[in-house]
Protein chains: 2
Amino acid sequence: MAEQSTRTVERALELLAVVAEEGEASLTECARRTELAPSTALRLLRTLESTGFALRGEDGAFRPGHRLIGIGAKALSHDSLVTFAQPSLAELARATGESSYLCVGTPDQGVLYIAQAEGSHTIRHVSWVGHRFPQDGSAVGRVLRGTLPPEGFTAATSTVEPEVMAIAAPVHAATGIVAVLSVVGPAYRLDQARVEELGSLLTAEAERVSTLLGGP
Amino acid sequence: MAEQSTRTVERALELLAVVAEEGEASLTECARRTELAPSTALRLLRTLESTGFALRGEDGAFRPGHRLIGIGAKALSHDSLVTFAQPSLAELARATGESSYLCVGTPDQGVLYIAQAEGSHTIRHVSWVGHRFPQDGSAVGRVLRGTLPPEGFTAATSTVEPEVMAIAAPVHAATGIVAVLSVVGPAYRLDQARVEELGSLLTAEAERVSTLLGGP
DNA sequence: CGGGTTGTTTTCATACAATGGAACCATGCT
DNA sequence: AGCATGGTTCCATTGTATGAAAACAACCCG
């Protein structure tokens with residue numbers, strides 16, 4: 001059985017992804033990114049608009065529409081993202097003994113901790129879940145800003161609690177960085193060598209989650 | 001100008017909405033809800049699947065896929081939901097003098113405060129933004145669980161801080177309740193009469209946001 | 001067992017609808 | 001004015017989305 005799939009829909013979804021990713025995109029940009037003829041892109045985008053999945057501003061730019069946002073909120077407040085990441089969180093906690101976290105960025109440049117797996121050391125980091133911090137010079141903040149060294153992870157002592165150190169790596173979806181995986185523990189236990197070690201475990205798991213989410 | 005729109009795409013998006021809303025749906029259920037022939041629905045759903053917007057379990061049920069979740073996370077961590085709600089938050093703060101909040105539910109039954117407008121009273125509630133609490137018997141929790149009296153809002157003294165009272169009303173999108181609007185202030189200022197008053201302001205604004213999001 | 005019911009899948013002829021080139025506006029820049 | 005660049009409309013052509021029908025697969029129950 002040959003891959004039976006409707007081209008029109010594929011293209012429309014591609015456009016939807018572009019709009020969601022950019023947050024705001026002009027017709028020609030959409031057309032360019034999807035390699036569609038402007039006339040075709042326009043017709044499809046108009047369909048997205050009339051169904052409420054996109055909306056068009058006075059300025060002619062396309063943005064995510066109500067339907068999409070509703071669906072997004074639902075998807076996120078459901079299992080979804082956390083479900084995809086939970087196995088990796090657990091594995092990290094198991095393999096390292098330290099607590100691991102999943103974070104997302106927030107509109108106002110904050111960092112939000114949305115899920116966790118507790119480490120096994122008797123001295124371990126607990127309970128950042130549900131809290132939000134400014135990005136500052138934190139490891140997670142650096143990842144969200146996309147400023148990463150070639151190793152694919154970064155480490156820093158906490159800007160919140162001085163004796164705490166965090167190592168962080170990005171989770172990519174098709175639309176770019178959507179979350180951050182992080183291992184957190186007491187600074188005294190995390191010397192240079194140990195950080196390298198945890199870093200590679202972390203990037204491996206982050207890549208696993210990214211793959212689940214359709215990233216690279 | 002005649003409704004120039006591509007039917008195929010409309011149908012596919014309709015299916016996407018159904019899958020996102022249900023979280024899990026069989027082929028025939030999708031077909032029934034969209035009034036499509038099973039064969040057509042199947043072909044379209046397969047397209048959603050092959051593009052990563054839906055995924056199909058061993059059991060044959062369709063669920064939200066990686067792409068959709070990635071987009072959802074992005075939409076939420078962008079402006080979007082907050083942008084839609086901000087005017088209402090500001091209006092509530094202005095009209096009541098109390099601080100107003102926008103919250104969403106989280107996978108583990110928590111309540112997450114994602115945006116705020118500060119009240120004008122010198123004694124006012126500040127800084128729940130970015131925090132997460134259990135649903136417990138809180139007003140917001142009750143709204144998320146969908147247990148609402150006919151008035152369309154509910155009030156309760158905080159389970160976190162005893163002297164604090166919260167009034168909450170649901171924000172509906174096409175997919176159901178996606179967020180909660182809440183006004184929070186010191187209990188001593190919020191007697192029965194005042195609660196009624198704020199409640200109707202709140203439901204009015206909640207409905208306004210709901211309309212923006214394609215709700216009823 | 002066998003015959004009903006319900007859900008899923010494939011096939012295929014046909015009508016219809018998606019396509020994109022070309023031409024047409026509307027800008028803005030030199 | 002002259003030239004870009006972005007947006008829009010039109011329309012003949014072709015390709016493709018469509019859905020009835022039929023085959024297939026699980027069931028449940030007398």
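Just so it is clear, the values below take in all heavy atoms, side chains as well, and ignore hydrogens, waters and symmetry mates.
- A:Leu27 places its CG atom 5 Å from the P atom of D:dG7, with the value rounded to the nearest Å.
- The minimum heavy-atom distance between B:Ser88 and B:Leu181, with the atom names listed, is CB-CD2, 4.4 Å.
- A:Arg56 comes within 4.0 angstrom of the backbone, heavy atoms only, and of no base.
- Considering only heavy atoms from C-beta on, B:Glu22 stays 4.5 Å or farther from B:Cys30 through its side chain.
- Put simply, CD on B:Glu29 is 10 Å from P on C:dT8, counting in whole angstrom units.
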Could you encode protein contacts along nucleotides 17-25 of chain C as a string, one character per nucleotide from 5' to 3', using B for base contact, S for sugar-phosphate-only contact and - for no contact, with a heavy-atom cut-off of under 4.0 Å?
SSBBB----
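- Here the side chains of B:Val171 and B:Ser210 are in contact, with some heavy-atom distance below 4.5 Å.
- Judged purely by atom type and a 3.5 angstrom limit, A:Ser182 has no side-chain atom pairing as donor or acceptor with the backbone of A:Ala168.
- B:Val183 is not listed as a side-chain neighbour of B:Leu201, based on a closest heavy-atom distance of 4.5 Å or more.
- Between B:Val9 and B:Leu13, the closest side-chain pair of non-hydrogen atoms falls below 4.5 Å.
- Remark: C1' of D:dA17 and CZ of B:Arg46 are 15 Å apart, rounded to the nearest angstrom.
- When the C1' atom is compared between D:dA23 and D:dG19, the two are found 16 Å apart, to the nearest whole Å.
- Going from atom CG of B:Leu45 over to atom P of C:dT8 covers 10 Å, rounded to whole Å.
- Within the 3.5 Å criterion, the main-chain N or O of B:Gly57 finds no donor-acceptor partner in the side chain of B:Arg63.
- In this structure, A:Glu24 places its CD atom 15 Å from P of D:dG6, rounding to the nearest Å.
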Secondary-structure string, 5' to 3', Watson-Crick or G-U under 3.5 Å, | for another-strand partners, for DNA chain C:
||.||||.|||||||||||||||.||||||
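- Between the B:Thr154 side chain and the B:Ala139 main chain, no donor and acceptor come within less than 3.5 Å of each other.
- In this structure a side-chain-to-backbone donor-acceptor pair under 3.5 Å is present from A:Thr47 to B:Thr6.
- Distances shorter than 4.0 Å separate none of the side-chain N or O atoms of A:Arg32 from OP1 or OP2 on D:dT5.
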